[in-house]
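Structure, as structure tokens:
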Amino acid sequence: MARARGLGLSLPLLLGQLLALMGGGGALYLEVRELEEKCFIQEIPDGTVVIGNYKTELYDPAMEKYQPSPQWINLFVFVKDPENKNLLARQYGPQGSFTFTSQSPGEHQICLHLESIRFSLFYDGKLAIHLDMKLGEHTNDYAEFAAKDKLTQLRLRVQQLVEQVEQIQKEQEYQRWREERFRQTSESTNRRVLWWSILQTLILVATGIWQMQHLKSFFKAKKLV
Amino acid sequence: MGDKIWLPFSVLLLAALLAVLLPRVAGFTHSLDSDFTFTLPAGQRECFYQPMPLKASLEIEYQVLDGAGLDIDFHLASPEGRTLVFEQRKSDGVHTVETEVGDYMFCFDNTFSTISEKVIFFELILDNMGEQEQEQEDWKKYITGTDMLDMKLEDILFLRKGTIKQQKTLHIYESINSIKSRLSKSGHIQNLLRAFEARDRNIQESNFDRVNFWSLVNLMVMVVVSAIQVYMLKSLFEDKRKSRT
């Protein structure tokens with residue numbers, strides 16, 4: 001998660017992050033069974049860093065609550081970019097984080113499933129995945145910025161605001177590109193409606209003429225006309 | 001690992017409490033937000049859980065982006081299992097609840113549909129979670145020096161006399177906090193606009209496919225029907241000839 005310099009810096013930060021997950025205001029979680037795949041779609045511009053912090057838990061029927069997963073439960077993460085190429089296909093431990101950077105703008109698909117790599121779970125083993133996905137500006141580690149560039153509190157906060165604005169700008173740019181493609185599809189649909197209608201009319205007229213001519217020659221051959 | 005967590009936790013809790021006691025800092029709390037888009041296959045139900053502390057605010061906003069009919073059932077339950085919201089066949093919705101301690105459950109239900117899968121976007125906005133102070137405490141460890149700017153700004157910005165020096169420096173942080181919260185709100189609105197655009201785009205693309213498909217079918221039906229008409233007419237006359245021989 002944070003490539004902070006030295007354990008002294010990273011440990012409180014990591015604990016703070018873990019606390020955010022474990023405390024009263026934790027992250028969203030969902031219940032899954034083993035090997036059940038859950039997929040999420042993220043529509044992002046290119047060059048966006050995505051970090052997913054997760055924690056998995058196994059339901060203990062004896063204690064009737066969720067306990068942290070044992071080490072032999074692994075999370076498999078697959079990320080596909082808009083062209084369906086694999087951006088990330090890795091196996092992670094029962095808790096931690098996965099990260100990837102988008103290379104092209106569009107809809108990315110993030111699929112997760114849990115698998116126990118050593119022992120087999122009970123047939124109805126329930127698991128929970130706590131997930132917290134951060135994009136763009138939220139992935140920045142401001143504590144590290146401050147330590148590296150020796151910023152004061154004020155400058156650090158202004159830096160954060162600048163990053164936030166940059167991300168909004170990037171999203172707007174992406175929306176503009178999206179809207180252009182949307183407009184192209186609409187215009188193409190309009191054109192096609194027009195051309196199909198003209199074509200249909202022409203074919204209708206042509207088949208009508210063909211029918212009349214064919215029947216005329218047929219009746220003439222039968223000496224009915 | 002367990003007891004190692006609790007020691008700094010109590011320290012942070014103390015620091016957070018101290019931060020709350022300082023005037024005017026506790027007035028602002030920033031919101032956490034997350035948004036997810038997922039595909040819900042036909043005939044299935046998907047539930048999510050969000051742990052909440054006491055007296056925080058949970059806002060959930062959802063939209064159906066793709067799938068025939070663009071509608072879904074929505075269900076929100078409190079930690080005790082009491083149903084707070086139950087909506088059927090809606091295409092979008094917004095709900096805000098003031099929370100008690102526990103895990104709130106919300107579910108999207110596509111069981112009424114047998115063939116079409118839905119793409120659902122939802123955004124969770126959490127307020128008053130009390131995490132802003134913690135983040136500032138983390139930052140305080142890594143910042144170096146004090147801002148000379150603080151001293152100068154005091155003279156320029158604040159003309160009141162006899163106010164506490166601490167309040168003056170806090171005032172500019174308040175402005176920054178307010179900018180940050182407004183930018184976060186812009187970000188939320190951008191998410192919503194993106195969801196609207198995705199939905200419109202999906203509708204357009206399905207229109208495009210439908211126009212192509214049905215036009216082709218129409219054309220083929222026309223040609224086939226005209227051929228059948230001619231053939232049947234011809235056969236009316238040919239039968240007489242056959243019966244004669």
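Reminder, nothing fancy here: chain letters follow the sequence lines and each chain counts from 1. Values below: all heavy atoms of this structure, side chains included; hydrogens, waters and symmetry mates excluded.
Put simply, of Gln172(A), Gln167(A), Glu107(A), the one with the most heavy-atom pairs under 4.5 Å next to chain B is Gln172(A). Residue with the most contacts toward chain B among Glu179(A), Met133(A), His214(A): His214(A) (heavy-atom pairs, distance under 4.5 Å). Of the residues considered (Leu161(A), Val165(A), Asn190(A), Ile110(A)), Leu161(A) shows the highest number of contacts with chain B, using heavy-atom pairs under 4.5 Å.
Across Ile168(A) and Gln190(B), no two heavy atoms sit closer than the pair O-NE2, 2.9 Å. Taking both residues in full, the closest heavy atoms of Ala27(A) and Pro51(B) are given as O-CD, 3.2 Å, listed atom of the first, atom of the second, then distance. When all heavy atoms are compared, the tightest approach of Trp210(A) to Ser226(B) is CZ3-O, 4.4 Å. Between Ser215(B) and Gln200(A), the shortest heavy-atom contact is O-NE2, 3.7 Å.
For Gln42(A), the part lying near chain B is the side chain, with the backbone staying farther off; criterion is any non-hydrogen pair under 4.5 Å. Only the side chain of Phe106(B) comes within contact range of chain A, with heavy atoms under 4.5 Å apart. The contact between Gln175(A) and chain B is made entirely by side chain atoms (from C-beta outward), counting heavy-atom distances below 4.5 Å. For Leu124(B), the part lying near chain A is the side chain, with the backbone staying farther off; criterion is any non-hydrogen pair under 4.5 Å. Only the side chain of Phe182(A) comes within less than 4.5 Å of a heavy atom of chain B; its backbone N, CA, C and O stay farther away. In this structure, the portion of Asp103(B) lying under 4.5 Å from any heavy atom of chain A is its side chain and not its backbone. For Leu215(A), the part lying near chain B is the side chain, with the backbone staying farther off; criterion is any non-hydrogen pair under 4.5 Å.
Annotation: Trp214(B), atom CH2; neighbour count of heavy atoms from other residues, nucleotides and ligands within 6.0 Å does not exceed 12. Counting non-hydrogen atoms of other residues, nucleotides and ligands closer than 6.0 Å to NZ of Lys80(A) gives a total of 12 or fewer.
Between Ile41(A) and Phe121(B), the closest side-chain pair of non-hydrogen atoms is not below 4.5 Å.
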> Can you check side-chain contact (heavy atoms from CB on, under 4.5 Å) on Lys38(A) and Glu46(B), steps first, answer last?
Replying inline: CA-CA 10 Å; Lys38(A) 296 288 180 194; Glu46(B) 191 74 55; 2.8 Å; yes

> Are Gln204(B) and Ser186(A) close enough, and set up right, to give a side chain to side chain donor-acceptor pair (under 3.5 Å), and what steps lead you there?
Replying inline: CA-CA 7 Å; Gln204(B) 259 295 359; Ser186(A) 302; 3.0 Å; yes

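Rounded to the nearest 0.5 angstrom, Phe122(B) CZ and Leu28(A) CG are separated by 5.0 Å. One finds the CD atom of Glu43(A) at 10.5 Å from the CG atom of Asp35(B) (value rounded to the nearest 0.5 Å). For the atom pair Arg157(A) CZ and Ile176(B) CD1, the distance stands at 6.0 Å (nearest 0.5 Å). To the nearest 0.5 Å, the span separating CD on Gln160(A) from CD1 on Ile179(B) amounts to 10.5 Å. For the atom pair CZ of Arg201(B) and CZ of Arg178(A), the computed distance is 3.5 Å after rounding to the nearest 0.5 Å.
Relative orientation of the Tyr29(A) and Tyr49(B) rings is parallel, given thresholds of 30° and 60° on the angle between their planes.
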